[in-house]
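Atoms within each ligand, like the ligands themselves, are counted from 1 in listed order.
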Amino acid sequence: MDFEIPENLRLMTDTVRRFVKKDLEPISQQVEDEDRIPEEVVQTMRELGLFGLSIPEEYDGLGIGTLGECLVYEELSAVNACFRTRIGTNNGIGSQGIVIDGTTEQKEKYLPKLASGEWIGVFALTEPEAGSDAANVQTTAELKGDKWVLNGRKHFITNGDIADVSTVFAVTDKSKRAKGGITAFLVEKTDPGFFVGTIERKMGMRGSHTCELIFDNCEIPRDRIIGGDANLGLGFRTAMKTLDKGRLTMGASAVGSAQKLLELSLDYAKQRVQFGKPICEFQAVQIMLADMATQIYAGRQMLHHAAWLRDKRGTAVIKEASMVKLFCTEMANRVADMAVQIHGGMGYMKDFPVERFYRDLRLTRIYEGTSEIQRNVIARELLKG
Ligand code: COS
């Protein structure tokens with residue numbers, strides 16, 4: 001066994017760590033206050049190639065693999081999760097349908113634009129009646145002449161307000177649904193009948209917008225089915241394969257934030273004096289610090305192992321991806337709770353970043369599949385025998 005991080009990935013991680021220190025940390029609070037990431041910072045992200053971490057080199061991405069992507073996300077999420085989210089859809093759910101199942105023409109048309117960050121790609125699956133029960137999508141697509149016509153409404157779409165191309169799941173055969181009746185389409189922002197709806201008001205994750213996408217007799221050319229006509233009705237599988245990777249990398253975000261919370265808690269516990277000594281000298285605080293570090297260590301090991309497995313095995317990490325998402329996001333929420341506890345009253349104040357991490361991390365147990373859905377997927381994989 002060799003647990004060394006490969007040299008090229010270490011160099012990439014060092015570059016991102018420097019970017020985080022120099023450019024992101026100083027503006028993290030500003031992003032929180034203004035609910036937007038300054039354009040010049042997004043431009044630096046483009047120049048560093050961060051929008052194309054997972055996109056193959058032949059389509060102008062960095063193609064650094066799942067482990068590399070996870071390492072970068074750990075760094076970005078240690079400052080503010082919205083920075084990861086900004087590049088996250090292009091590397092993940094907004095591009096992977098095309099990477100995994102797209103035709104060569106679709107790859108050539110969209111992937112270079114997504115890799116450079118010129119275009120933003122998003123994933124439009126969730127609807128008011130289709131959350132955990134993703135197969136219950138109500139958006140429809142009908143073939144009229146040489147155009148597909150989409151009607152319906154998606155919500156909670158990350159980066160939806162800045163989307164240039166959306167991977168949209170719509171029903172093409174009501175009688176079959178997930179078993180051959182849902183199709184994945186590519187919708188561009190200039191397509192007639194495509195509208196951005198309400199931008200949702202959230203508990204946290206400021207700097208990253210989530211919104212409705214509306215399809216009102218939205219007309220798209222016939223060749224926009226991901227994978228072409230041969231994939232008519234097979235979109236649910238595309239969605240699930242895309243989510244497998246998303247779930248894995250979500251673990252990286254959780255680990256990165258948890259690590260930062262441990263560091264903040266260590267610093268605070270060393271300098272906060274009560275009863276005449278630093279609170280780190282109290283066993284009750286030491287137990288929390290030890291538990292935080294131990295759980296982060298466990299989460300990081302399974303994350304890196306599952307990422308390494310995916311790079312080695314291709315996409316067949318369904319069970320491991322769900323295990324990583326489940327364990328790491330639950331773990332990071334426990335760590336956030338302990339970090340607030342160690343910081344005491346200061347941990348509840350907006351002047352300290354732990355308060356923000358606590359709110360932002362709450363989402364990780366919900367999006368890209370709740371903890372309950374991850375358990376469901378893991379159990380089904382175990383029972384397959
Ligand atoms: N990879 C490839 N194919 C998959 C797959 C995977 N990980 N998971 C399911 N499929 C395939 C199945 O094999 C089946 O195809 P066949 O009929 O050809 O065998 C098809 O997809 C339907 O699968 P299934 O019967 O398991 O569908 P269910 O409706 O029972 O849904 C869950 C399964 C619960 C796992 C799914 O609805 C889910 O993941 N829900 C959560 C959605 C989510 O994460 N939303 C977050 C918002 S998007 S950011």
Under 4.0 Å from one or more heavy atoms of A178, ligand 1 contributes atoms 20 (C), 22 (C)

(Q) If you scan the protein for heavy atoms around atom 12 (C) of ligand 1, do you find one that is closer than 4.0 Å? (A) no

| task | Using the ring of F282 (Phe, Tyr or Trp, six-membered ring only), decide whether K277 places NZ or CZ under 6.0 Å from its centre and within 45 degrees of its axis. | result | yes

Which of F236, F123, F215 passes ring pair (Phe, Tyr, Trp, His ring centres under 6.0 Å) with F169? Answer is F123

Per-atom filter on ligand 1: closer than 4.0 angstrom to a heavy atom of G369 are 43 (C), 44 (O), 46 (C)

the protein heavy atom lying closest to atom 49 (S) of ligand 1 turns out to be E368 CG, 3.7 Å

If you scan protein heavy atoms around atom 25 (O) of ligand 1, the nearest is K179 NZ, 3.0 Å

Heavy-atom nearest pair, T183 first then N231, reads CG2-O, 4.4 Å

If we number the atoms of ligand 1 from 1 as shown, the ones under 4.0 Å from a heavy atom of D244 are 1 (N), 6 (C), 7 (N)

task: Using a strict 4.0 Å threshold on nitrogen-to-oxygen distance, state whether D244 and R310 make a salt bridge.
output: no

To the nearest 0.5 Å, atom OG of S265 lies from atom CD of Q341 at 11.0 Å

Quick look: L243 vs ligand 1, heavy-atom contacts under 4.0 Å, and the answer is side chain

Any nitrogen or oxygen of R237, side chain or backbone, less than 3.5 Å from one on ligand 1?
yes

Among non-hydrogen protein atoms, atom 31 (O) of ligand 1 lies closest to F236 CZ, 3.9 Å

Interatomic distance, CE@M12 vs CG@L48, rounded to 0.5 Å, equals 6.5 Å

In K21, R17, R84, the residue satisfying salt bridge (charged side-chain N to carboxylate O under 4.0 Å, His left out) with E75 is R17

Determine whether I55 and S95 satisfy the following criterion, side-chain contact (heavy atoms from CB on, under 4.5 Å), listing intermediate values before the conclusion. CA-CA 8 Å; I55 295 176; S95 70; 4.3 Å; yes

G204 and R359 have their tightest heavy-atom pair at CA-NH1, 3.7 Å

So the atoms of ligand 1 within less than 4.0 Å of a heavy atom of F123 turn out to be 48 (S)

Parallel, tilted or perpendicular: rings of F352 and H343 (30°, 60°):
perpendicular

Quick note on ligand 1: atoms under 4.0 Å from a heavy atom of V377 include exactly 35 (C)

For A135, the atoms of ligand 1 under 4.0 Å from one of its heavy atoms are 29 (O)

Side chains of T140 and N151: do they bring a donor and an acceptor to under 3.5 Å?
-> no

Quick look: T158 vs ligand 1, heavy-atom contacts under 4.0 Å, and the answer is neither

A student comparing R380, K245, M240 should find that the heavy atom closest to atom 33 (C) of ligand 1 comes from R380

Note: ligand 1 atoms sitting under 4.0 Å from heavy atoms of K241 are 1 (N), 2 (C)

Heavy-atom proximity to atom 43 (C) of ligand 1, picking from K325, R247, K319, points to R247

Using a plain distance cutoff, I'd like to know if S132 has any nitrogen or oxygen under 3.5 Å from a nitrogen or oxygen of ligand 1.
yes

Residue pair E127 / T139, side-chain donor-acceptor N/O under 3.5 Å: yes

The atoms of ligand 1 lying under 4.0 Å from a heavy atom of A134, numbered in the order shown, are 37 (O), 42 (C)

### Task
Answer yes or no for G131: is there a heavy-atom contact with ligand 1 below 4.0 Å?
yes

Closest to atom 47 (C) of ligand 1 among protein heavy atoms sits T126 OG1, 3.2 Å

